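Everything on this sheet refers to the single structure shown next.
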Amino acid sequence: VQVGLYAAAGGLPRIVRTVGLPIASEIALTGRRLTAEEALRYNLINKISASDGAVIADAIELANKVAQHNPDAVIVTRHGLREAWETASVEQATLHTAERFSVPLFGSENMGIGLRAFATKTKPKWVPSKL
């Protein structure tokens, strides 16, 4: 609004879903910038780094946690999260992800690797995703 535009590309419905109509209205209609603490309180961010210098290290730590998991499962999980975000229906979001990924995920090499690692109580050695 500060430059004569509005938050297009889904920005308005997304912020309403995240923070609710009153806070979303204030932010969108005034163009007010939030502090990091406000953004955390409104669930727009999930963490505040201890310092500017810690931001990259924090991001790498989070990425490494994700990278330790089955890359196929990460892809499908990300898809499911996005579907849940974009689709108003829980059932439709679940169905879209299952229709697209159930067969390829359960037939993937990484599924076998994960099941063997679980059965033998060893750490899996994932291969690149082929999904």
Side-chain angles (χ1 to χ4, degrees):
V1 294
Q2 291 174 326
V3 295
L5 298 171
Y6 76 102
L12 295 174
R14 286 183 179 111
I15 196 166
V16 168
R17 286 183 193 173
T18 302
V19 304
L21 185 59
I23 300 299
S25 296
E26 179 185 344
I27 294 167
L29 292 172
T30 66
R32 182 172 73 82
R33 293 182 181 261
L34 302 176
T35 66
E37 291 78 14
E38 287 176 306
L40 182 64
R41 188 170 62 243
Y42 298 144
N43 294 319
L44 293 170
I45 60 174
N46 55 331
K47 181 179 182 173
I48 299 173
S49 295
S51 68
D52 290 348
V55 171
I56 300 296
D58 289 348
I60 291 170
E61 179 184 351
L62 181 61
N64 283 332
K65 287 178 182 178
V66 173
Q68 291 175 19
H69 299 294
N70 176 343
D72 300 331
V74 170
I75 289 168
V76 176
T77 299
R78 268 190 41 203
H79 181 274
L81 291 168
R82 294 303 301 180
E83 281 294 317
W85 179 252
E86 298 295 339
T87 306
S89 165
V90 171
E91 292 81 12
Q92 285 299 312
T94 302
L95 183 63
H96 290 163
T97 299
E99 286 175 342
R100 181 166 178 192
F101 289 108
S102 285
V103 171
L105 177 65
F106 289 111
S108 72
E109 184 178 358
N110 279 321
M111 179 63 72
I113 291 168
L115 292 173
R116 279 190 300 282
F118 177 77
T120 60
K121 296 182 181 9
T122 59
K123 186 175 180 181
K125 296 192 186 327
W126 307 116
V127 296
S129 178
K130 295 177 182 68
L131 294 183

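Count residues from 1 along the sequence. Predicted model only: the values in this text are computed from it and were never measured. Computation of the quantities below employed the complete heavy-atom set of this structure, encompassing side-chain atoms and omitting hydrogens, waters and symmetry-equivalent molecules.
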Taking all non-hydrogen atoms of both residues into account, name the closest pair between [X] and [Y] and its distance.
X    : Y    : value
G31  : Q2   : O-NE2, 3.4 Å
P124 : I113 : CB-CG2, 3.9 Å
I15  : A24  : CG2-CB, 3.8 Å
N46  : L40  : C-CD1, 3.7 Å
P104 : L131 : CB-CD2, 3.5 Å
D72  : K130 : OD1-N, 3.8 Å

Any link between [X] and [Y] through a network of hydrophobic side chains (Ile, Leu, Val, Met, Phe, Trp, Tyr) touching at under 4.5 Å?
X    : Y    : value
L105 : I75  : yes
L115 : F101 : yes
F106 : V76  : yes

In Å and rounded to the nearest 0.5 Å, what is the [atom1] to [atom2] distance from [X] to [Y]?
X    : Y   : atom1 : atom2 : answer
I45  : E38 : CD1   : CD    : 10.5 Å
Y42  : T18 : OH    : OG1   : 13.5 Å
E99  : Q92 : CD    : CD    : 8.0 Å
W126 : N70 : CH2   : CG    : 4.0 Å
D58  : I48 : CG    : CD1   : 11.5 Å
T87  : R82 : OG1   : CZ    : 10.5 Å

Regarding E26 and T30, do their side chains bring together a donor and an acceptor under 3.5 Å, going by distance alone?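 The answer is no; no qualifying pair exists.
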Note: R41-E37 ion pair, threshold 4.0 Å (strictly below):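 A salt bridge is absent here (no side-chain N lies under 4.0 Å from a carboxylate O).
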Evaluate whether atom [atom1] of [X] has more than 12 neighbouring non-hydrogen atoms of other residues, nucleotides or ligands under 6.0 angstrom away.
X    : atom1 : answer
K123 : NZ    : no
N64  : CG    : yes
R33  : CZ    : no
L29  : CG    : yes

Tell me, with the steps shown, if E86 and H96 meet side chain to side chain contact (heavy atoms under 4.5 Å, CB included). CA-CA 11 Å; E86 298 295 339; H96 290 163; over 6 Å; no
Is V19 close to N43 at the side-chain level, that is, under 4.5 Å between some pair of heavy atoms?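 Counting from C-beta outward, N43 and V19 never come under 4.5 Å.
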Any donor-acceptor N/O pair, R14 side chain to A9 backbone, under 3.5 Å: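 A pair under 3.5 Å: yes.
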